[in-house]
Engineer: 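Take this structure first; my questions come after.
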There are 2 protein chains.
Amino acid sequence: MAFELFRRDGFEKVTVDDLAAAAGVSRSTFLRYFGTKEDAVLGTADARGERVAEALRARPAHEGEWTALRQALEVAIEPYHQDPAASLAMTRLIRDTPALCARQLEKQHGWRPALARALAERAGSAGAPAIGQWVRASAALDCLNAAVDHWSDSDGRFDLVTLLDEAFAALGPS
Amino acid sequence: MAFELFRRDGFEKVTVDDLAAAAGVSRSTFLRYFGTKEDAVLGTADARGERVAEALRARPAHEGEWTALRQALEVAIEPYHQDPAASLAMTRLIRDTPALCARQLEKQHGWRPALARALAERAGSAGAPAIGQWVRASAALDCLNAAVDHWSDSDGRFDLVTLLDEAFAALGPS
DNA sequence: TCCGTATGTGAAACTGAGTGTCACTGTAGG
DNA sequence: CCTACAGTGACACTCAGTTTCACATACGGA
């Protein structure tokens, strides 16, 4: 699998040809399928953002935005509960590879319009999200990242849920 | 100038050879100087992060972290006051070019350790910043970005300072 | 003045990612 | 049986970024 190759040799050392060979397909097919080398690792990230936005829309209307965001992020940390070891390895690979780090940042950046729009809908506004909603959506993702970073720094010993709650608490309810 | 070429033909269309020719140097020299094509546009971003961190350290000790961050960001928006038209054009170019957008995100991401450390020092802690400090540093940058985005969406008609204050208010003091 | 040495520049070859095109193959539907 | 189409592979191409070598100019000491 691609992930193992990356972990063993480092993301930069593994060429697309290596990956294609490992997958048993041609270089053409590999690139047609994944688009880029980064997406062979981060391919599922876009979908996760959509799932968080859905979860956000599903939160009860009376709930405050900050609380709703916190609860919606449960969807995002699900994989960490399901398979902590794999998640830790993946997180480390990304953190230690500038190209992956940048690409993940970019993908998460793409989550924000959907999150901000979900907040606006919850508030009953049909138009564009207010600046405060953008900021809260962004800040929630920062909380997620800060929590995951601390979690991986602790080799997975700290509790991710606790870290996430701490992170959210640091910005207080709006 | 490189910026004009990018604006006219689009970032992707302009090759490094074009840029080198426009600058009157060889391709080698151009790449040696800037490192990457993106850095021909975003070269000064790293330094700006350092300047914000300095400004943060210079804030009075009694000031709350959130207020200190807000004040420190005055340094970051200075260029927008100095030359709004140029800043608007630059912001648009970056926003409309995925590669530049990603690279800027990455650079800003690199500001956060310095900001978080500055917050930790202000608090008298010699060790690593607390997760709350990381989150607040990150959120402050989100506020900056949200304000600048809204500002550029309004063609520079909205007041950047007001937008930034609004953004900061949306997360309330910790 | 002459001789190193360092620094800036250019030329060129090379690697590797991503794109586009074309041909081949199997498969589903008529 | 024939056609249409989706999946695949082969190949050529562009371009970014790296590396290496060569040259030229400048600086400091003998």
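Numbers restart at 1 for each chain; the letters A, B, ... are given by sequence-line order, proteins then strands. The figures here come from the full heavy-atom set of this structure, side chains too, leaving out hydrogens, waters and symmetry mates.
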Engineer: Expressed as a whole number of angstroms, how long is the span from Asp17(A):CG to dA17(C):P?
Structural biologist: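 Asp17(A) atom CG is separated from dA17(C) atom P by 7 Å.
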Engineer: Between dG9(D), dA16(D), dT20(D), which one does the side chain of Arg32(B) approach most closely?
Structural biologist: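 Looking only at side-chain atoms, Arg32(B) lies closest to dT20(D).
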Engineer: Can you list the steps and then say if Arg57(B) with Glu121(B) is a salt bridge (Lys or Arg N to Asp or Glu O under 4.0 Å)?
Structural biologist: CA-CA 8 Å; Arg57(B) 266 186 287 267; Glu121(B) 286 175 25; 3.8 Å; yes
Engineer: Can you measure Lys13(B) atom NZ to dA16(D) atom P for me and round it to whole angstrom units?
Structural biologist: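 So the two atoms are 12 Å apart, to the nearest Å.
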Engineer: Under a 4.0 Å threshold between the charged nitrogen and the carboxylate oxygen, would Glu106(B) count as salt-bridged to Arg103(B)?
Structural biologist: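 Salt bridge: yes.
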Engineer: To the nearest 0.5 Å, how far apart are CG in Leu119(B) and CG in Leu56(B)?
Structural biologist: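 One gets 5.0 Å once the value is rounded to the nearest 0.5 Å.
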Engineer: Closest approach to the side chain of Glu38(B), judged atom by atom: which nucleotide of dA12(C), dC15(D), dG17(D) is it?
Structural biologist: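 So the side chain of Glu38(B) is nearest to dG17(D).
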Engineer: Can you measure Asp18(A) atom CG to dT15(C) atom C1' for me and round it to whole angstrom units?
Structural biologist: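 So the two atoms are 13 Å apart, to the nearest Å.
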Engineer: Just how far, in rounded Å, is P of dG16(C) from CZ of Phe11(A)?
Structural biologist: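 To the nearest whole Å, that distance equals 14 Å.
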Engineer: How many whole angstroms separate atom CZ of Arg103(A) from atom C1' of dA17(C)?
Structural biologist: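 It is 14 Å, rounded to the nearest whole Å.
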Engineer: Given dA10(D), dT18(D), dT20(D), identify the nucleotide with an atom nearest to the side chain of Leu31(B).
Structural biologist: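 Nearest to the side-chain atoms of Leu31(B), counting from C-beta on, is dT18(D).
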Engineer: Examine dG9(D): is either OP1 or OP2 under 4.0 Å from a nitrogen or oxygen in the side chain of Ser26(A)? Give yes or no.
Structural biologist: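 Checking Ser26(A) against dG9(D): at least one side-chain N or O falls below 4.0 Å of OP1 or OP2.
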Engineer: Starting from P on dA16(D), measure out to CG on Leu19(B) and report it in whole angstrom.
Structural biologist: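 For the pair Leu19(B) CG and dA16(D) P, the rounded distance is 8 Å.
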Engineer: Between Thr15(B) and Asp18(B), do the side chains contain an N or O donor and an N or O acceptor separated by less than 3.5 Å?
Structural biologist: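 Thr15(B) vs Asp18(B): donor-acceptor pair found between side chains.
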Engineer: Write down the distance between CZ (Phe30(B)) and P (dT18(D)), rounded to a whole number of angstrom.
Structural biologist: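 Atom CZ in Phe30(B) sits about 13 Å away from atom P in dT18(D).
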Engineer: Of Glu12(A) and Ser28(B), whose closest DNA chain C nucleotide lies nearer the 5' terminus?
Structural biologist: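 Between the two, 5'-proximity favours Ser28(B).
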Engineer: Taking only side-chain N and O atoms of Thr29(A), does any of them lie within less than 4.0 angstrom of OP1 or OP2 on dT8(D)?
Structural biologist: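 For Thr29(A), the contact criterion (side-chain N or O under 4.0 Å from OP1 or OP2 of dT8(D)) is not met.
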Engineer: Measure from CZ on Phe34(B) to P on dT18(D) and round the result to the nearest Å.
Structural biologist: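 Going from CZ in Phe34(B) over to P in dT18(D) covers 15 Å.
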Engineer: Does a distance-only test, which skips hydrogens and angles, find a donor-acceptor pair under 3.5 Å between the side chain of Arg27(B) and the base of dG17(D)?
Structural biologist: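 Under the 3.5 Å cut-off, the side chain and the base do form a donor-acceptor pair.
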Engineer: Using the rule that two of Ile, Leu, Val, Met, Phe, Trp, Tyr join whenever any of their side-chain heavy atoms come within less than 4.5 Å, decide whether Phe158(A) and Trp134(B) are in one cluster.
Structural biologist: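 Per the 4.5 Å side-chain linkage, Phe158(A) and Trp134(B) are not co-clustered.
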